[in-house]
Amino acid sequence: MAVRVRVPLAALLLLNMFIFMRKNLILAALAAIAFVFTSCSKLGPLSADNFEVTPNPLETQGGKVPATINGKFPEKYMKRKAVVTVIPELRYAGGQVAQGQPATFQGEKVLGNDQTISYRLGGHYTMKTAFDYVPDMQQSDMYLTFHAKIGKKQVQVPAVKVATGVIATSELYRQTMMQAGGCIAPDSFQRIQAQKLDANVKFLVNQAIIRQSELKNNSVQEFVRMLQKINADRGEKLAIKNVEVAAYASPEGGFEFNDRLAGKRQDASEEYVQKTLKQTKVDADVDAHYTAQDWEGFQQLVQASNIQDKDVILRVLSMYKDPEQREQQIRNMSQAFRELADGILPELRRARMTINYDVVGRSDEQIREQYANDATKLSVEEMLYAATLTDNAAEKEAIYKKTAQYWDKDYRALNNLAVLAFNQGDNEQADRYLQQALRVNKQAPEAYANLGLIALKQGKLSEAEEYIANAIGANGFGEALGNLNIAKGNFAQAEASFDGAVSNSAALAQLLNKNYEGAIQTLDKVKNPDAMTSYLHAVVAARRGNKFAAESYLKEALKLDPSLKAYADRDLELSLLK
């Protein structure tokens, strides 16, 4: 028979409460254990606040998109056995991904050579990366992705977006350099060329009479013939400016005596010149002067001589400034003085008569007329110059082709034909002409400069650098070197390379070097402004916060070249207009 035990109600309540509390304690302990194991197996997400990217937006430089990432791992984030590799990615054009240089970090209990991050304190780090630029990257996002593990177990860390867009203004050099065009090999034609003709007569020691024998020497005879030619020409091709007479006395003897002697030699020489001008019927001014003691001429003749003691004599000239002391010291060297008396001093007893005149070449109209009638009678310089007298590309091409035909040993016409092809976008034809030019002249500097520009336009940077290194001295070398430095990302050097040149490329270099005032001044001076001139104006205005000017210049650029609109729509430089 069962015995019923009556338990007080209070006792039952206490028992139920004990069982409930024990159950909750067990559940809490299990939850804590689960949390510990879970937290040891995960790192958790990072946010964009943990990273700072410079620059942001990104910006092209030297064909790359470089970035500096300053990151921070928060406190108690980097588990002691964790290894985290940070991988920069640039995502663009609907799924395209470019990866940059990764960096790896490790927890305190990891044996490795990577930067160690404290679990308790966290840690800061800096990493640099760069992406090879392609135009679609203008609209892009930069992400940091992570490859992480704790011990041997791989864990997931979500990617973080840290920057948006790429400014690609430095890549505009391919378009800006077309405004200046290639490097023309110039002509050396000068319509008026200054010329002079010298005649010399010598005098006997201490005398000022021009001997008949001296008037028969070749230089004096040529002097007379030139005056006759000037008279016969009647100013069509030869224009006399003046005749200069310079008389001298050798430095031996006292100054007063030599001063009087040199003056008499001047008078005798001037009298002869005036007489000859009258006989040849040439009207010209005569400018006469004399030098009493020709120590300068003396030094030059001694320096060029084979006199045994010439070093001693030259040293005396440098040590003693007083003419009498000089002469006495030199006379003390008896053997040397005898050599001077025989070989040097007679050459200094002289007078020089100089005809200064201009050779006047064909006028522009005469060159055009001669080219049309019979181009074979033009010089190569006149032919090359004739091409500069027209702005018509077809006419220039015809002149250069004829020049290359008539003057096949001169590379310049071939080089300039290449420039015409390059300016029209025909790189293949330009290259053919340049190779011909180099076969004519292996050192043709403009040809190398133009090959460098073609390579730059095609993005072949190392090839361009090699060509331009061989172009030193080329006409337009600064323009080629400046564009090369823009392409390499050396903006300060690029601005210096242009050295005052006025072109879109020169202004681009100033813009990239943040010389905005200089860029505006250059753009305002561009001789033949085009759409890119206006576009660069718009970019400068946008950088300076002038929205009205930026909009105005952009409208002007798009009117001149509507194809720029697609680029402008992606250009973050003009973001204040959007």
Side-chain angles (χ1 to χ4, degrees), residues 53-67 90-94 96 98 130-143 161-180 456-457 459 482-483 486-489 491 494-495 503-520 522-524 526 529-578:
V53 177
T54 305
N56 189 3
L58 303 173
E59 189 168 354
T60 57
Q61 185 171 356
K64 302 281 187 180
V65 182
L90 203 59
R91 302 177 182 180
Y92 63 99
Q96 296 292 319
F131 309 92
D132 291 329
Y133 175 73
V134 295
D136 284 339
M137 287 180 178
Q138 277 185 290
Q139 294 181 316
S140 61
D141 294 307
M142 182 177 170
Y143 280 81
K161 179 181 174 181
V162 292
T164 300
V166 173
I167 293 173
T169 304
S170 69
E171 292 297 307
L172 288 176
Y173 71 89
R174 291 185 179 88
Q175 287 75 41
T176 61
M177 70 182 185
M178 297 308 296
Q179 181 266 339
L456 276 179
K457 190 178 175 184
N483 279 298
I486 292 176
K488 293 172 66 177
F491 303 142
E495 181 175 356
S503 67
N504 286 347
S505 293
L508 177 61
Q510 292 169 311
L511 187 164
L512 295 170
N513 200 34
K514 297 181 171 55
N515 179 7
Y516 301 131
E517 192 60 39
I520 291 171
T522 299
L523 290 168
D524 286 341
V526 169
D530 58 10
M532 188 52 62
T533 312
S534 299
Y535 193 88
L536 292 177
H537 258 307
V539 172
V540 174
R543 286 198 178 190
R544 303 182 86 181
N546 191 335
K547 182 177 180 180
F548 176 80
E551 287 178 339
S552 177
Y553 280 120
L554 180 60
K555 287 179 182 177
E556 188 176 286
L558 297 181
K559 183 178 179 180
L560 292 169
D561 183 3
S563 69
L564 276 173
K565 187 176 187 308
Y567 180 88
D569 289 342
R570 301 191 304 268
D571 192 355
L572 293 179
E573 293 273 25
L574 305 177
S575 57
L576 85 162
L577 306 181
K578 300 170 185 176

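Nothing fancy with the numbering, it's 1 onward along the sequence.
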Is the closest side-chain donor-acceptor distance between Q179 and D530 under 3.5 Å?
no

Note: S170 and I486 closest approach over all heavy atoms is O-CG2, 3.6 Å

State, with a plain yes or no, whether a side-chain heavy atom of Y133 is found less than 4.5 Å away from one of K64.
no

Verify whether one side chain among T60 and E171 offers a donor that lies under 3.5 Å from an acceptor in the other.
no

With a 4.5 Å limit on heavy-atom distance, are the side chains of N504 and M177 in contact?
no

Heavy-atom closest contact (S503 atom, A180 atom, distance):
CB-CB, 4.1 Å

Using only atom types and a distance under 3.5 Å, with no angle test, would you say the side chain of S552 pairs donor to acceptor with the backbone of F548?
no

Listed once per pair and sorted, the salt bridge (charged side-chain N to carboxylate O under 4.0 Å, His left out) pairs that draw on residues 549-563, sequence neighbours left out:
none

The test is side-chain contact (heavy atoms from CB on, under 4.5 Å); show your working for Q139 and Y92 and say whether it passes.
CA-CA 6 Å; Q139 294 181 316; Y92 63 99; over 6 Å; no

D136 and Q96: side chain donor to acceptor below 3.5 Å
no

Is a side-chain donor or acceptor of Q61 paired with a backbone partner of G489 at a separation under 3.5 angstrom?
yes

Closest contact, heavy atoms only, L456 versus A487:
CD2-CB, 3.7 Å

Close side-chain approach of L536 to L172, heavy-atom, < 4.5 Å
yes

Could you check if a side-chain atom of M142 sits within less than 4.5 angstrom of a side-chain atom of K161, using non-hydrogen atoms only?
no

Taking all non-hydrogen atoms of both residues into account, name the closest pair between Q138 and D571 and its distance.
NE2-CA, 3.8 Å

May I ask you to check if R91 and Y143 form a cation-pi contact, with NZ or CZ under 6.0 angstrom from the six-membered ring centre and within 45° of the axis?
yes

Within-4.5 Å side-chain heavy-atom neighbours: E517 and Q510:
no

If every non-hydrogen atom of I167 is compared with every non-hydrogen atom of P57, which pair is closest and at what distance?
CD1-CG, 3.9 Å

Nearest heavy-atom neighbours spanning Y535 and A557
N-CB, 3.7 Å

pair V166-L90: side-chain heavy atoms closer than 4.5 Å
yes

Hey, are the side chains of L58 and V53 touching, using non-hydrogen atoms and a 4.5 Å cut-off?
yes

